[in-house]
J.: 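Can you read through this structure? Questions will come right after.
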Amino acid sequence: MNSSHLYAYSDHREENSAWIWNEGESSSRLFFIFSLILLIPQVFSSSTHLAVISPQDPTLPIGSNLTASCTVSAHLGLSASSLYWTLNGRRLPSTMYTILGPTTLTLSLHGLNGSRQRSGDNLVCHRGNGGVLAGSCLYVGMPPEKPVNLSCWSRNTKDLRCSWSPGGQGETFINTRYALKYKLRWYGREKVCEDYSAGPGYSCYIPRDLAIFTPYEIWVEATNQLGSAISDVITLDILDVVTTDPPPNVQVSRVGDLDDLLTVRWGSPPALKDYLFRAKYQIRYRLEGSRDWTVVADVGNQTSCQLAGLRPGTVYFVQVRCNPVGIYGTKKPGIWSEWSHPTAASTPNSEHLCDSKPGEQNSTLRKELKQFFGWMRKHAYGCADVSIKLYDQWRVWLQKAHKKAQPGRYYGAVNHSTQQT
Amino acid sequence: MAKLPQDIHQAQLTLLLAAVMGCSQVLDQSVSLASERTSIERTYELTKYLDHQLKEIRDTYLSYLGPPFSDRDFSPPRPNSSSLSLPSAATRVDLWRGLENGVRLAQNQRAYTILLCAVKELASSTLCPYLQSSLLHFCSGLSGLLGAISGLMNTLGYTPPSHGNIPPLQGTTPIISAAPAPNDFSRKVEGFWVLRELQSWLQRSAKDFNRLKKRLRA
C-alpha cells in the first residue's frame, strides 16, 4: 500500500487524540471546547478527502448530459492537468475534459446510456499514476411505466400469488421498487403485499387473511428516483383463480408384453379433499429424443389412463396435470396446475429376446433393467437385499403378468380404472 | 436454479457447524487434548469451507459493483472506517510464530466480530436480492466460526476479552467523526476492502488453527 495514501487517510487521528487527555480538571474543559472549535471546521473541510467529485451519486434520465468536476485537495500538490477520468473502468479521452482551475478538472458526458449495473456506473477521478482519488456512482435510467401483465392465482383458496412485468425497459437500469396492493372491492383498507422473494422475476405472495366469494381489487405501484407509475387495477374473486399442485405419484408402466401400450396412473391432489372440488386431468407424452408433445386433452376425472398406438421398444416421457373444477360447489373452472415431473417408461420390443441381435439384446436388457429398478423401489424396502435372486423373482413375476393380460391389441385410447397395486 | 447449490451448502454448513459446536461445547474438566485437537481441526475445516464459499461470493459481489472493482488488478485506497478497524491479518512471521495461544485466538475473535458486522451491513445495502441472500447465508457461517472460536477459548481456559459481545462500532459514532461522510462510491470501496480483509483473515486463520493444533500435540 502506498504510504502517502495511509497518511492522507490517517492524519485525522493525531488531531483526535488531542482532546482525550486531562479530562478530570476544569482547565481541560476549556481545552476540550477550544479543540472542538478548532476541529469542527476540519470535519467539513476536504482535508481528509483526497478529492471531491460533484455531483456525488446523481440519478439521471437516459440520454441526458452531465458535467462532473473533480477538485483535488491542495495538500496533495497535484495539478488538474495530471488528472484523468474513467467510467466503468474505461479511460475517457481528454477531449471531454476542461481545466477549470489549478486543482479542478471537469468532464462533459453526453447522451448517457442506462446504467451498466444496478449499483451505479462508476465514474472515477484518477491521479496521473492511476491511483484513485475519488468516485461518484451514476444512476442512469427512466421513470417507471405502468406495470403490465398482472395476473394472480391461488394454490389452495387461502393464499394468492401475483406476477407482473415492468412497463418499460428504462426502469430496469436503476433500482425500481414495486409494491403489490390489494383491497376488498366494496369495503376494506388497502393492504400491501410483503413477500417479494418467493417467485422468479416480479412477483409477490400473500399467504393468508384472504376472503373468498367476494371480489378483490389488485394493482401494482412502481417507484424509483425518477418517478412512479400505477398499473391497471384487476378485479377477481379468489375462487376464480384457483389452481392446485400437479398430481402426485405419476407412474407409467407396461401392459405385460404388449409393445404399443403404456398405462399411466397418478394420485389425486391432496387439496381435493379439503376444498371440495372435482379434478379433471390432462396427459401429455413425447418420445425420448423429440420435442413434440402429444396431448390427451380429456382424461376426465379418472386417475389412470392407457396410452395406445405407441412405438415398440421406445422410451417415452409422460406428464400429467390437474385442473380443480367446481370449487366449493361453483361451476367455475380453475387454472391448470403445472405439469408433473416427467416420468419415463419404455414399450417392450416387438421381437423376442432370443431372436434379436446382440446389440439390440443389450438395449432391450438395459430397458428391462430400468423397469426392474423401478419395480424394486416399490417392492424392495432398502437396497440391502439386492441380489440376482431378486432379479430372477421379477422375471418370473413378469411372465405371470403377461399370461394374465388379455390377448390381442388395442387401438385407440381406452380409459379404464385399474386397481392400485 | 441458483437456489439448489445454496441448499446443498446449507446442509453441509449445518452439519459442519453442528459438529464443531458439539465438540467445542464440551466443558468437562477432564477433557483430553485429543478432543480439543478435534475441535481445532473442525474449526480449521470450517475456515477452509468459508474461504471456498467466499471466493464465489466475492466474484459475484465484484461484478455487482461493476468495473473497475471487478478488474483483476484494481486496488483503491483502504478507507479508515469503523467497518475496517480490525487488526491486519498480515503480520511479521516471527511475531506470528511467537503468538501465545490465547492471544492468537483473541486476535481471530476480534477480527471476525468486526468482519461479521461489516458483512451484515454490506448485505443490507445490496440491491440485488440473490446476492443479498448469499451474503446473509455467509454471515451465518461467520457467526458459526465466531462461536467455534469462543468455544475453543473456553475449553482451552482462555477468558474471552471483556468486549466479547462487541456492540456494533457504527452505533457509537464519536463526537468528531473524522472519516468523510460516506457516499455510494466510498461505500463500494469499503465493501471491496471488507471482502478483501475477510479473504486475508480466512487464509490466516487456517494457518493459525494448524499452528494451534501442532502446539497442543507437543
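Owing to the predicted nature of the structure, the values given are computational and were not obtained by experimental measurement. Proteins get letters first, then strands, A, B, ... in listed order; numbering begins at 1 in each.
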J.: With a 4.5 Å limit on heavy-atom distance, are the side chains of Pro68(B) and Asn122(A) in contact?
T.: yes

J.: Measure the SG-CD distance between Cys128(B) and Gln117(A) for me, rounded to the nearest 0.5 Å.
T.: 12.0 Å

J.: Hey, which residues of residues 96-104 of chain B are touching chain A, say heavy atoms under 4.5 Å apart?
T.: none

J.: Contact part of Arg116(A) toward chain B, heavy-atom cut-off under 4.5 Å: side chain, backbone, both or neither?
T.: side chain

J.: Does any non-hydrogen side-chain atom of Pro67(B) lie less than 4.5 Å from one of Arg90(A)?
T.: no

J.: Without swapping roles, check the side chain of Lys188(B) against the backbone of Cys137(A) for a donor-acceptor pair under 3.5 Å.
T.: no

J.: What is the minimum heavy-atom distance between Ala134(A) and Phe185(B), and which atoms define it?
T.: C-CE2, 4.1 Å

J.: For residues 53-62 of chain A, give me every residue with a non-hydrogen atom less than 4.5 Å from any non-hydrogen atom of chain B.
T.: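 Gln56(A), Asp57(A) fall under the 4.5 Å cut-off.
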
J.: Rounded to the nearest 0.5 Å, what's the gap from OG on Ser197(A) to CD on Gln132(B)? Could you check?
T.: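 So the OG of Ser197(A) and the CD of Gln132(B) are separated by 10.5 Å.
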
J.: Once you round to the nearest 0.5 Å, how far does CZ of Arg177(A) lie from CG of Leu127(B)?
T.: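 Interatomic distance, Arg177(A) CZ to Leu127(B) CG, rounded to 0.5 Å: 9.0 Å.
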
J.: Can you tell me how far CG of Asp71(B) sits from CG of Asn88(A), rounded to the nearest 0.5 angstrom?
T.: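 Taking CG in Asn88(A) and CG in Asp71(B), the distance rounds to 9.5 Å.
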
J.: Return the option, out of Gly89(A), Ser115(A), Ser119(A), with the maximum number of heavy-atom pairs under 4.5 Å with chain B.
T.: Ser119(A)

J.: At their closest point, which heavy atom of Leu50(A) faces which heavy atom of Pro77(B), and how far apart are they?
T.: CD1-CG, 4.3 Å

